[in-house]
Protein chains: 2
Amino acid sequence: MINIKDIAKLAGVSYSTVSKALNGSSLVKPATKSKILEIAEKYGYQKNLLATQLVSGRSRLVGFVVDNVRNPIFAHMANDLHLELQNHDYHMLLAISPDGVELLNQLRVEGIIIWGDLIHSDPDFLKRFHDLNVPGFILGTDEVLRIPHILIDRKACIHEAVRYLIAHGHRKIGFVGGSQEIKVNAFREAISEMGLETSEDWLIPADSTWEGGYRVIRDYAFHKESPTAFIGLNNLITKGVLRALLERGFSVPADISLVGYDNLPELKNAEVPLTTVGPSLEEMVSKSVSLLQTLIERPGNALPVVLKPALVERASVGPRR
Amino acid sequence: MINIKDIAKLAGVSYSTVSKALNGSSLVKPATKSKILEIAEKYGYQKNLLATQLVSGRSRLVGFVVDNVRNPIFAHMANDLHLELQNHDYHMLLAISPDGVELLNQLRVEGIIIWGDLIHSDPDFLKRFHDLNVPGFILGTDEVLRIPHILIDRKACIHEAVRYLIAHGHRKIGFVGGSQEIKVNAFREAISEMGLETSEDWLIPADSTWEGGYRVIRDYAFHKESPTAFIGLNNLITKGVLRALLERGFSVPADISLVGYDNLPELKNAEVPLTTVGPSLEEMVSKSVSLLQTLIERPGNALPVVLKPALVERASVGPRR
DNA sequence: ACTATCATTAACAACGTTGTTACCGCTGTA
DNA sequence: TACAGCGGTAACAACGTTGTTAATGATAGT
């Protein structure tokens, strides 16, 4: 692969001149510049970002670390973040692993966005990240941290879902999923705050996967005291729940209502278009990019960001039967 | 951020000694080594991969370039490739954009895997990639190229699907989707080769999205001469088709059979578990990694790879009604 | 003609590593 | 006593850039 020294030789100038020409400096004579540019083009010169970055310290590179790109919500975020960062003249590199944090840091990206779930991948993940001392933040946490983050008010989201179901006349509400304490607790709290009936049977633990949601509802012992509405912990569980409900002959929402967590557009294509709560994805993306920019350009000036609930009404919630 | 020179000062040795110690060289006295290691640990030393790579030329970094991570098939591949590369001691960086090729090359990754669809993003994408002269290949192409690639025998896959439907007694077979010439042509060819009835109505163009498949079938004019089975061009279309079919009151597979292209495991969770054709994803991943390894370690020795069809039987195909 | 000015280019240090070579002081051997 | 051998460490060049400073030659002002 050709480098500026090779080009310099070819053009009969010094390599520093080549560097300037390639960067469009006005310090080099137009004729020389175009000659250099021509040679660079001809030989397919590709600058070595490593060297550039090493000396200049800038790369316009941003890392996004997730631990599984197969969850559609991750994939969605990755795609939209990429687009938005591109608008801001940043390139996004995606790493699929908690170790991506160290990797991207070693690559000296200018900033790192970390998908909140990673916090749980390793008890001292936060410390690891904090010690790196690199501009970046956790996208999607439940609690206030000592490092920059975007807080999703999941508690408020769940409350919103409960409120919405109540407004539709529901009194017996179930919750499917168990992995995220905050959501489960928020659910419990909302139920008791709003003075609803409750039963431990209505809090149904499930793996955070399609199968998780599907199985528990497929096997659930329905009777006349069972919930008339469910809330699903995330998009996967919710889709599994919906399937199981339909398979068991319930009509949604005529017999049973369902609201899912995660505002994923494609949930409109579920068997029954799903009504969902969760932060607005657009807001997550735009807030992420501006927070990152602040972090990079004026470190120390990063304000905490909180994402409020958004509810998108589709067709999976109806009046209590 | 601390570097080896800082550590050297702290430890009272030369920076080259620090470098050796950090790399576990046996040329440095155990006592010195542990002292250095301790300091490095204490100050959270993180090597600068840029510098390392610049001088040593090695990074154990591999790039994967896609143009949209939201298609579940991409996401699946990205995830599995990541895992498999990790087993081979490579880190994978994902870039979501045709320009990712140049970007990753400028970062001097050791190899690049390019998702085949990108070929169509730009008429001279292949030339761009070829001129880079970096170890890498196109994953998933229809035709033999002059650059390394893994060829998916899509034609054979479609033939396989048709054969399978015939074996179940179907004579009138439809095809939904229009964007990939090769599949459409393969379908036409298979139909005529196997002496089946045909009608232009049975070849139903559709966007390569869920909505694409859904809409065309929702609006399709069914009558007694309509297909008794459909093939969907990809996983998204197929799911859309299935939904439309069910909504229109057809039973799948009792009334109409359906086979989808793309061997995506989660298609077992469709309303009717979908029977699919396509290359085996596991094979795609393992062949990708070994091809990449060959390309990196013994450039010039790369053999062309062809992926044969695999059919996974689930529940969306039954005997002709 | 003599210098100040300017445009253009060259030279060189730096960025943070690695790898090679050179050096130093010690031990053991002749 | 001289010196080969060796463990340990230091010195230094190199990787491909950028940015700063120095050098060069031409032009213009006096």
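In what follows, chains carry the letters A, B, and so on, assigned in the order in which the sequence lines appear, proteins first and then strands, with residues in each chain numbered from 1.
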Checklist line | OP1 or OP2 of D:dG19 under 4.0 Å from side-chain N/O of A:Ser16 | finding: no
Notebook entry, point to check: To the nearest angstrom, how far is A:Lys5 atom NZ from D:dT18 atom C1'?
Noted result: 12 Å
Checklist line | Shortest non-hydrogen contact from B:Arg108 toward B:Gln53 | finding: O-NE2, 3.0 Å
Next item on the list: Grab the CZ-P distance between A:Arg58 and D:dG16 for me, whole Å please.
Entry: 24 Å
Check: Is the backbone of B:Ser25 close enough, under 3.5 Å, to the side chain of B:Lys33 for a donor and an acceptor to pair up by distance?
Finding: yes
Next item on the list: Check the distance between D:dT17's C1' and A:Arg108's CZ and give it to me in whole angstrom.
Entry: 17 Å
Margin query: Please list, in numerical order, the residues of residues 47-57 of chain B that have a heavy atom closer than 4.0 Å to any atom of DNA chain D.
Written below: B:Leu54, B:Val55
Margin query: Please tell me if A:Ser19 has a side-chain N or O lying less than 4.0 Å from either OP1 or OP2 of D:dT18.
Written below: yes
Margin query: As an exercise, state the distance from CE of A:Met1 to CG of B:Asn105, rounded to the nearest 0.5 Å.
Written below: 4.5 Å
Next item on the list: Return the value, rounded to whole Å, for the distance between atom CG of B:Leu22 and atom P of C:dT18.
Entry: 8 Å
Next item on the list: Using whole Å, report how far CZ of A:Arg60 lies from P of D:dT18.
Entry: 16 Å
Item checked: Rounded interatomic separation in angstrom, taking CD1 from A:Ile2 and P from D:dG16 -> 12 Å
Item checked: Over 12 foreign heavy atoms within 6.0 Å of CD, B:Gln86 -> yes
Check: Any side-chain N or O of B:Tyr15 under 4.0 Å from OP1/OP2 of D:dA13?
Finding: no
Check: Please give, in whole Å, the distance from C:dA10 C1' to A:Ile36 CD1?
Finding: 12 Å
Check: Does B:Glu283 pair with B:Lys308 as a salt bridge, N-O distance under 4.0 Å?
Finding: no
Next item on the list: Please round to the nearest 0.5 Å and tell me the distance separating atom OG1 of A:Thr141 and atom CH2 of A:Trp115.
Entry: 12.5 Å
Checklist line | Residue whose closest nucleotide on DNA chain D lies nearer the 5' end, A:Asn3 versus A:Lys20 | finding: A:Asn3
Note to self: One pair to check against salt bridge (Lys or Arg N to Asp or Glu O under 4.0 Å): B:Asp99 and B:Arg128. What are the steps and the verdict?
What the structure shows: CA-CA 10 Å; B:Asp99 302 337; B:Arg128 264 168 64 190; 3.5 Å; yes
Margin query: Of the options C:dT17, D:dT18, D:dT9, whose atoms approach the side-chain atoms of B:Ile4 most closely?
Written below: C:dT17
Item checked: Rounded to 10 degrees, the angle between the two terminal axes of the helix from C:dA1-D:dT30 to C:dA30-D:dT1, each from five pairs -> 80°
Margin query: Check this one for me: any side-chain N or O of A:Thr17 less than 4.0 Å away from OP1 or OP2 of C:dA10?
Written below: yes
Checklist line | Pairwise side-chain contact, B:Ile73 with B:Asn263, heavy-atom cut-off 4.5 Å (strictly under) | finding: no
Note to self: Closest-nucleotide mapping onto DNA chain C: is B:Gln46 or B:Leu27 further toward the 5' terminus? I mean the 5' end.
What the structure shows: B:Gln46
Check: Okay, side chain of B:His149, backbone of B:Ile147: is any donor-acceptor separation there less than 3.5 Å?
Finding: yes
Margin query: Can you see whether A:Arg70 engages B:His76 through a side-chain donor-acceptor pair at a distance of less than 3.5 angstrom?
Written below: yes
Margin query: Tell me the interatomic distance from A:Asn23, atom CG, to D:dG16, atom P, rounded to whole angstroms.
Written below: 17 Å
